[in-house]
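Read the numbers this way: they start at 1 and go in the same order the structure lists the ligands and their atoms. Throughout, numbering of the chain's residues begins at 1 and tracks the sequence. As the structure is a prediction and not an experimental result, all values here were calculated from the model.
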Amino acid sequence: MARDLTVLIMAAGHGTRMRSSLAKVLHPVCGRPMVLWVAAAAEEAGANRVVCITRPGEGVAECLDGRLEVAEQTDGEGTGSAVLAARSMIDGAGTVAVLSGDHPLMTADVIRDMVETHDRESAAATVLTTEDLDPAGYGRVIRAPDGSIERIVETKNPDNLPADVLAIREINVGTYAFDADELLSALDEVKTEASGERYLTTVVEILRERGRKLVAHRAADALAAAGVNDRDELMEIEAEARRRLIREHALAGVSFTSPETTTSDAGVEIGEDTTIGPGVSLQGQTKIGRGSRIGPHSTITDASIGDEVTLSHAVLTECTVHDSATIGPFAYLRPGTEIGEGAKVGTYVEIKNSRIGAGAKVPHLSYIGDADVGEGANLGASSITANYDGRRKHRTKIGKGVKTGIHTSLVAPVDVGDDAYTGAGSVITEDVPDGALGISRPEQKNVEGYAERVKDQEPRE
Ligand code: UD1
Ligand code: CA
């Protein structure tokens, strides 16, 4: 929708009910800060200008990272003061939609519908409302006998409010469309409340007194209207956001054997015919290809996983796994790790900043750090790279087709040539040439007749 629409996102509140040192709108919902969900809805709704109202020093502007314009609220408290902070940006702007940064499930459709109603009705202000949420704590919409909006009454402190106001179910969502000039001139008249705040909602009664047209627009999607003021509401909203994300993946061809125990951050990509098992957590910018089997019980963060990969009980962070590889159970892949096509990383294996070649195997009980392992190599159980000398990290190079015996210690920097072997229990400190056997261990000595000699000794207590 190409149109002349400016959107303001109010994101400069104190969020005291969150009891947090992090600004409320930066609390993540499925890994993405709340305010970015609202920003995405505004952009998708076709706004040609989106301005976020922030408070200096709270980190919100930094989180936006240049994606939106920013207006700083430095004077006054409350939603009215918030909008005034963007005065110069909306002066003469025509239609302005005002959104709350703490409504992360807000959708482009709801914004578009509201703005369309506003323009069609040529209203001075259009207020988004719903009767489909628990109204506690929200501003209530007071209608005149003819059905028009009279004013909005805040209910954050319900004690001294009349029962008939508290009985009203229709709430102010905190999402509006305004004619910019009507909005600014009404805001100039908004008085400061006893709490020290200037309420944006007071604009409604001011415009009514001026005889301007006010419209209430019902939100088609009640959850889009739900706000977050405390962490209990945050949990509820996040559960819904998670269900929506998983439903989207499912409709795009992904199977979830236990969707209620799966979490997926916004922005995760999963290919068709991949199955996600119970207890899987997909985080950050994770990408998974087609036909893979992921889980059970794995946590994957900012990782790129190919097609037909099998992975269980694993923790992966900032790494790449190519097609048809097998990971786990009980493997830990740390940043900078790349697992080649068809490679196998088995049980109790930790790999950091290393490349494991195509078809190579690290099947049991290994630590591989700062290493390059060639194609088709097979590291015996408990092969370990000693990559750290107490001061610096060094690399280990293991050639193609190498077979290390069990309990090989590779003391870096060291280079094992292509097709070489190492003997079981060896501590390899010198390079091993191509095709050679590197072995370093004391020779075995057998004591003949030992059992016979100790047979008649008294057992010691
Ligand atoms: C507000 C509405 C209420 C509505 C509810 C919907 C007012 C006075 N009340 O109440 O009618 O039902 O939203 O969720 O507007 N903000 C600023 N600067 C400030 C204060 C707030 O930018 O000085 C931002 C907040 O970051 C938040 C939004 O405005 O994103 C709403 O503020 P909040 O304090 O949560 O208002 P509510 O009490 O929820
Ligand atoms: Ca709120």
For atom 18 (N) of ligand 1, what's the nearest protein heavy-atom neighbour? Residue, atom name and distance, please. Q73 OE1, 2.8 Å
Looking only at distances, can you tell me whether any N or O atom of G139, backbone or side chain, sits closer than 3.5 Å to an N or O atom of ligand 1? yes
So, Y176 and N172: side-chain donor and acceptor under 3.5 Å apart, yes or no? yes
Do R151 and R143 make a side-chain contact, defined as non-hydrogen atoms from C-beta onward lying under 4.5 Å apart? no
Can you tell me the protein heavy atom closest to atom 13 (O) of ligand 1 and the distance? G174 CA, 4.5 Å
Protein heavy-atom partner closest to atom 34 (O) of ligand 1 - residue, atom, separation in Å: R17 NH2, 3.9 Å
Looking only at protein heavy atoms, which one is nearest to atom 6 (C) of ligand 1, and how far off is it? V173 O, 3.2 Å
For K156, atoms of ligand 1 separated by under 4.0 Å from a heavy atom: 38 (O)
Using a 4.0 Å cutoff against the non-hydrogen atoms of Y199, which atoms of ligand 1 qualify? 8 (C)
Note: heavy atom closest to atom 23 (O) of ligand 1, options P135, G78, G15, belongs to G78
Less than 4.0 angstrom from a charged side-chain N to a carboxylate O is my criterion; do K213 and E121 meet it? yes
Restricting to N, O or S atoms, which atom of D102 is closest to the Ca ion (ligand 2)? OD2
For R293 and S312, test the side chains for any donor-to-acceptor distance below 3.5 angstrom and give the result as yes or no. no
Between R334 and E318, does any side-chain N to carboxylate O distance fall below 4.0 Å? no
Heavy-atom nearest neighbour of atom 31 (C) of ligand 1 within options V127, T79, N172: T79
Regarding ligand 1, does N229 bring an N or O atom to under 3.5 Å of one of the ligand's N or O atoms? yes
Candidates A225, G13, A23; heavy atom nearest atom 21 (C) of ligand 1 found on G13
SB check R244 E240 (cutoff 4.0 Å): yes
Electrostatic pair D119:R112 at N-O distance under 4.0 angstrom: no
Is any N or O atom of I152, backbone or side chain, closer than 3.5 Å to an N or O atom of ligand 1? no
R212 with E182: basic N within carboxylate O range, under 4.0 Å: yes
D372 and K397 ion-paired at < 4.0 Å: no
Check this for me - ligand 1, R55, N or O atoms closer than 3.5 angstrom, yes or no? yes
May I ask you to identify the nearest protein heavy atom to atom 35 (O) of ligand 1, giving residue, atom name and distance to one decimal place in Å? D102 OD2, 3.0 Å
Numbered in order shown, the ligand 1 atoms found under 4.0 Å of a heavy atom of A82 are 17 (C), 18 (N), 22 (O)
Decide whether an N or O pair under 3.5 Å exists between I53 and ligand 1. no
Short check: any N/O/S atom of N229 below 3.0 Å from the Ca ion (ligand 2)? yes
Just to check, does T201 reach to within less than 4.0 Å of ligand 1 when the distance is taken from its heavy atoms? yes
Hydrogens and angles aside, do T385 and N387 bring a side-chain donor and acceptor to less than 3.5 Å of each other? no
Looking at R87 and D188, is any side-chain nitrogen of the basic one under 4.0 Å from a carboxylate oxygen of the acidic one? yes
Pick from E154, K24, H103, M10: the one approaching atom 14 (O) of ligand 1 most closely through a non-hydrogen atom: H103
Short N or O distance, G101 and ligand 1, threshold 3.5 Å exclusive: yes
Can you confirm whether K287 is buried at NZ, in the sense that more than 12 heavy atoms of other residues, nucleotides or ligands lie under 6.0 Å from that atom? no
Can you tell if the side chain of V51 reaches within under 4.5 Å of the side chain of L68, non-hydrogen atoms only? no
Is H14 near ligand 1, meaning one of its heavy atoms is under 4.0 Å from it? no
Is any side-chain heavy atom of V29 less than 4.5 Å from a side-chain heavy atom of R242? no
Using a 4.0 Å heavy-atom cut-off, say whether A12 meets ligand 1 through its side chain, its backbone, both or neither. both
